[in-house]
Protein chains: 2
Amino acid sequence: MDTHEPRWLNAEEKQTWLSLTAMVINLSNALDTQLQRDAGISHFEYQVLATLSEAAERTMRMSDLAILTNGSLSRLSHVVKRLEKQGWVRRAPDPDNGRYTLAILIEAGWEKVVATAPGHVEEVRRLVLDPLTQTQQRALRAIGHRVNQAVDPTDTRRLD
Amino acid sequence: MDTHEPRWLNAEEKQTWLSLTAMVINLSNALDTQLQRDAGISHFEYQVLATLSEAAERTMRMSDLAILTNGSLSRLSHVVKRLEKQGWVRRAPDPDNGRYTLAILIEAGWEKVVATAPGHVEEVRRLVLDPLTQTQQRALRAIGHRVNQAVDPTDTRRLD
DNA sequence: CCGACGAACTTGAAGCGTCAAGTGAGGTGG
DNA sequence: CCACCTCACTTGACGCTTCAAGTTCGTCGG
């Protein structure tokens with residue numbers, strides 16, 4: 001086999017890594033499943049709706065929304081088009097600067113969030129918050145911060 | 001329109017949650033990007049090849065492989081078909097029981113893993129292991145274990 | 001034995017994300 | 001004041017995952 005032998009993973013590091021990848025995939029699946037079952041939307045669609053629902057005027061520029069939802073602009077564009085077709089969101093050019101597009105959560109979309117959020121929050125509690133102690137939650141915030149910094153050092157969101 | 005008002009997330013819980021979802025997405029993207037760039041394969045394809053490379057005889061039943069890679073059997077079936085087309089894997093019915101299919105890593109696939117693993121491990125170190133202290137790594141293993149148990153209580157893999 | 005049932009896949013179609021190539025509005029330099 | 005450039009998207013095609021239906025192989029009851 002190889003003879004470069006890079007800094008290989010020892011048993012504990014491997015365990016850390018397996019544990020993390022399993023968690024990543026299991027969580028994604030579980031949340032998508034719950035939202036699909038109870039609300040017929042994907043986790044990303046929910047994130048878009050929920051993020052808009054908390055924004056001033058329930059309105060946000062597409063590019064800002066893309067950053068907050070951790071998605072590409074292209075992905076967001078496709079998703080917002082679908083949400084628009086559902087009658088939950090509308091788009092309008094930013095009057096301050098025609099290059100920007102504003103995504104605006106309209107009434108039916110607000111109602112969708114209100115109807116969906118409680119069940120989703122319950123699931124988040126059940127899968128993540130409830131099984132963890134306060135100390136573990138604090139540790140998880142710090143871990144997330146470190147990893148997110150490593151992935152994208154220019155990310156300056158208030159996620160500490 | 002609800003007045004149930006479930007146990008809502010407080011500021012810290014919300015921070016924990018945002019931090020975790022951001023990490024989940026950032027990590028998935030970063031790992032897929034690195035593997036795609038350096039080896040032309042997806043993270044899931046790598047997981048399949050790497051898992052097979054560590055199995056006895058470099059052989060595993062499809063259903064066991066699906067569990068270890070956290071994927072559905074259908075997804076695995078499609079992926080293994082592609083890997084087979086690449087000449088990295090072959091399939092054969094289990095001689096002990098014709099209902100099972102064995103996935104077998106052949107020489108070219110082993111070489112692919114050997115060529116790809118060092119760069120991937122480096123990236124895992126850079127993004128996850130290096131930024132975290134020993135204490136945080138221990139905490140992350142425990143957190144992963146708790147969350148994975150919550151998602152699937154029947155999961156009995158040795159992921160402690 | 002044989003017929004029904006279930007487990008372990010496999011397949012095809014449909015939907016979502018990505019990537020690359022457009023479009024159109026706002027600067028900016030000459 | 002107009003050519004050019006860049007930014008903020010938008011679009012279309014392609015690839016991958018999912019979901020629902022098969023198919024095949026054992027097994028178990030009669």
Side-chain angles (χ1 to χ4, degrees), chain A residues 24-37 39-49 59-86 89-104, chain B residues 24-37 39-49 52 59-86 89-104 154:
Chain A
V24 163
I25 297 182
N26 286 335
L27 264 186
S28 304
N29 290 346
L31 294 170
D32 263 328
T33 300
Q34 181 265 321
L35 283 166
Q36 201 63 56
R37 170 169 47 76
I41 61 179
S42 71
H43 187 214
F44 187 69
E45 289 173 322
Y46 175 79
Q47 284 184 312
V48 169
L49 294 175
T59 297
M60 211 174 287
R61 290 175 173 175
M62 292 287 284
S63 38
D64 293 341
L65 189 52
I67 292 169
L68 282 187
T69 56
N70 304 292
S72 68
L73 201 42
S74 170
R75 180 183 190 183
L76 184 63
S77 185
H78 284 296
V79 167
V80 169
K81 186 193 283 180
R82 276 178 249 138
L83 297 178
E84 210 172 12
K85 212 166 286 176
Q86 292 282 324
V89 167
R90 68 186 180 86
R91 277 185 284 194
D94 187 337
D96 295 349
N97 185 332
R99 276 187 300 189
Y100 293 96
T101 301
L102 299 177
I104 304 161
Chain B
V24 163
I25 297 182
N26 287 334
L27 264 186
S28 304
N29 290 346
L31 294 170
D32 263 327
T33 300
Q34 181 265 321
L35 283 167
Q36 201 62 57
R37 170 169 47 78
I41 60 179
S42 70
H43 187 213
F44 187 68
E45 288 172 323
Y46 176 79
Q47 283 185 312
V48 170
L49 294 175
L52 277 179
T59 297
M60 209 174 289
R61 289 175 174 174
M62 292 288 282
S63 38
D64 293 341
L65 189 52
I67 292 170
L68 283 188
T69 55
N70 304 291
S72 68
L73 201 43
S74 169
R75 181 184 190 182
L76 183 64
S77 183
H78 285 295
V79 166
V80 169
K81 186 192 283 179
R82 293 196 289 273
L83 296 178
E84 209 171 13
K85 212 166 288 177
Q86 292 283 323
V89 166
R90 68 186 179 85
R91 278 184 283 193
D94 186 338
D96 294 349
N97 185 333
R99 278 185 300 187
Y100 292 95
T101 300
L102 299 177
I104 304 161
T154 69

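Within every chain, numbering begins at 1; the chains are lettered A, B, ... in the order of the sequence lines, protein sequences first and strands thereafter. None of these values were measured; they are calculated from a predicted model.
Separating the CG atom of L83(B) from the P atom of dG15(D) is a distance of 16 Å, rounded to the nearest angstrom.
Contact check, K81(B) against dT11(C): a side-chain N or O comes under 4.0 Å of OP1 or OP2. The side chain of R75(B) contributes an N or O atom lying less than 4.0 Å from OP1 or OP2 of dT17(D). Neither OP1 nor OP2 of dC16(D) sits under 4.0 Å from any side-chain N or O of S42(B). For dT10(C), neither phosphate oxygen OP1 nor OP2 lies less than 4.0 angstrom from any side-chain nitrogen or oxygen of R99(B). The phosphate of dT10(D) (OP1 or OP2) has a side-chain N or O of T101(A) nearer than 4.0 angstrom.
DNA chain D is contacted by both S77(A) and V79(B); S77(A) maps to the nucleotide lying nearer its 5′ end (nearest heavy atom per residue). Summary of the strand contacts: G98(B) and R91(A) both lie near DNA chain D, and taking for each the nucleotide with the nearest heavy atom, the more 5' one is attributed to R91(A).
With distances taken from any side-chain atom of N29(A) to the nucleotides dT18(D), dC9(C), dC9(D), the minimum falls on dT18(D).
For the pair R91(A) and K81(A), the minimum side-chain heavy-atom distance is below 4.5 Å. Using a 4.5 Å cut-off on side-chain heavy atoms (C-beta onward), R75(B) and T69(B) make no contact. You'll find the side chain of I25(A) stays beyond 4.5 Å of the side chain of S28(B), heavy atoms only. The side-chain heavy atoms of T33(A) and Q36(A), taken from C-beta on, include no pair separated by under 4.5 Å.
Judged by atom type and distance alone, H78(A) reaches the base of dG12(D) through a side-chain donor-acceptor pair under 3.5 Å.
Across all strands shown, S72(B) has heavy atoms under 4.0 Å from sugar-phosphate atoms exclusively, and none from any base. Residue contacts for S74(B): at a heavy-atom cut-off of 4.0 Å it reaches a base atom on one of the strands shown.
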